[in-house]
J.: 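A single structure is presented below for examination.
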Amino acid sequence: MPFGRFAKFVVVGGVGFVIDAGVLTLALRELTSSVYAARALSFGSAVLTTWLLNRLFVFDGGRRTSLVAEYGRYILTQVAGALCNLGVFVALVEMIPRLAATPVVPLAIGAVLGALINYAGSALWVFGAKRSGS
């Protein structure tokens with residue numbers, strides 16, 4: 001059921017967002033004053049987590065496929081979504097500099113556009129090949 005799968009995808013995305021926002025906040029507090037360096041670290045953490053969760057719980061990861069190829073497709077899809085997400089994030093931080101003090105706000109706004117791109121890519125390309133026999 002596509003709606004059920006989308007709902008699960010949204011839940012996984014929520015988990016990814018919490019990890020993304022948490023790592024972003026922690027990195028800014030403990031590792032760097034650069035909002036962009038912290039964002040790169042938070043993105044990588046969220047991508048790995050969401051791939052595993054989407055594979056296991058959303059798109060039937062039990063079927064046989066090359067994990068390397070699948071993860072490669074997933075990363076490319078995530079990069080496309082992230083570029084849109086990051087574009088919104090950077091635009092907002094640059095246009096409204098005070099948002100750098102609360103970077104979770106532009107992160108959330110960018111996440112909406114990124115999520116739509118990521119779902120389409122995941123459903124149609126990343127995990128779609130495995131479902132072709134369904």
J.: Treat each ILVMFWY residue as a node, draw an edge where side-chain heavy atoms are under 4.5 Å apart, and state whether L41 and F43 are in one component.
T.: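 Yes, same cluster.
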
J.: Check side chain to side chain donor-acceptor pair (under 3.5 Å) between Y71 and all other residues, then give those that pass, not counting sequence neighbours.
T.: none

J.: Please find the pair of heavy atoms, one from G121 and one from T77, that lie closest to each other, and give the distance.
T.: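 It is CA-CG2, 3.6 Å.
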
J.: Closest approach of E70 and V126, non-hydrogen atoms and distance?
T.: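 Heavy-atom minimum between the residues: O-CG1, 3.8 Å.
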
J.: Nearest heavy-atom pair of G16 and T50: which atoms, and what distance?
T.: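 So the minimum-distance heavy-atom pair works out to CA-CG2, 3.6 Å.
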
J.: Are V35 and L83 connected, step by step, through hydrophobic side chains (Ile, Leu, Val, Met, Phe, Trp, Tyr) whose heavy atoms are closer than 4.5 Å?
T.: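 They do not share one cluster, since no chain of ILVMFWY contacts under 4.5 Å joins V35 to L83.
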
J.: Shared ILVMFWY cluster between V15 and V47, side chains joined below 4.5 angstrom?
T.: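 Same cluster.
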
J.: Membership question, hydrophobic clusters at under 4.5 Å side-chain separation (ILVMFWY): are V12 and L52 in the same one?
T.: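 Linked within one cluster.
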
J.: Could you walk me through whether W125 and L76 pass side chain to side chain contact (heavy atoms under 4.5 Å, CB included), step by step?
T.: CA-CA 10 Å; W125 185 48; L76 288 175; 3.7 Å; yes

J.: Please tabulate, one pair per line, all N/O donor-acceptor pairs under 3.5 Å involving side-chain atoms of residues 93-118, not counting sequence neighbours.
T.:
| residue | atom | partner | partner atom | Å |
| --- | --- | --- | --- | --- |
| E94 | OE2 | Y36 | OH | 2.8 |
| N118 | ND2 | Q78 | OE1 | 3.4 |
| N118 | ND2 | G114 | O | 3.1 |

J.: N54 and Y74: which non-hydrogen atoms are nearest, and at how many Å?
T.: ND2-OH, 3.2 Å

J.: Is there a continuous path of hydrophobic side-chain contacts, each under 4.5 Å between heavy atoms, that joins F127 to I75?
T.: yes

J.: Pick from L28, I19, V23: which one makes a side-chain contact (heavy atoms from CB on, under 4.5 Å) with S42?
T.: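 When L28, I19, V23 are each tested with S42, the side-chain contact (heavy atoms from CB on, under 4.5 Å) holds only for V23.
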
J.: Can you run down the ring pair (Phe, Tyr, Trp, His ring centres under 6.0 Å) pairs that involve residues 8-35, sequence neighbours left out, and say none if there aren't any?
T.: F9-Y119

J.: In Å and rounded to the nearest 0.5 Å, what is the OG1 to CG distance from T49 to D20?
T.: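 Separation between the atoms: 9.5 Å.
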
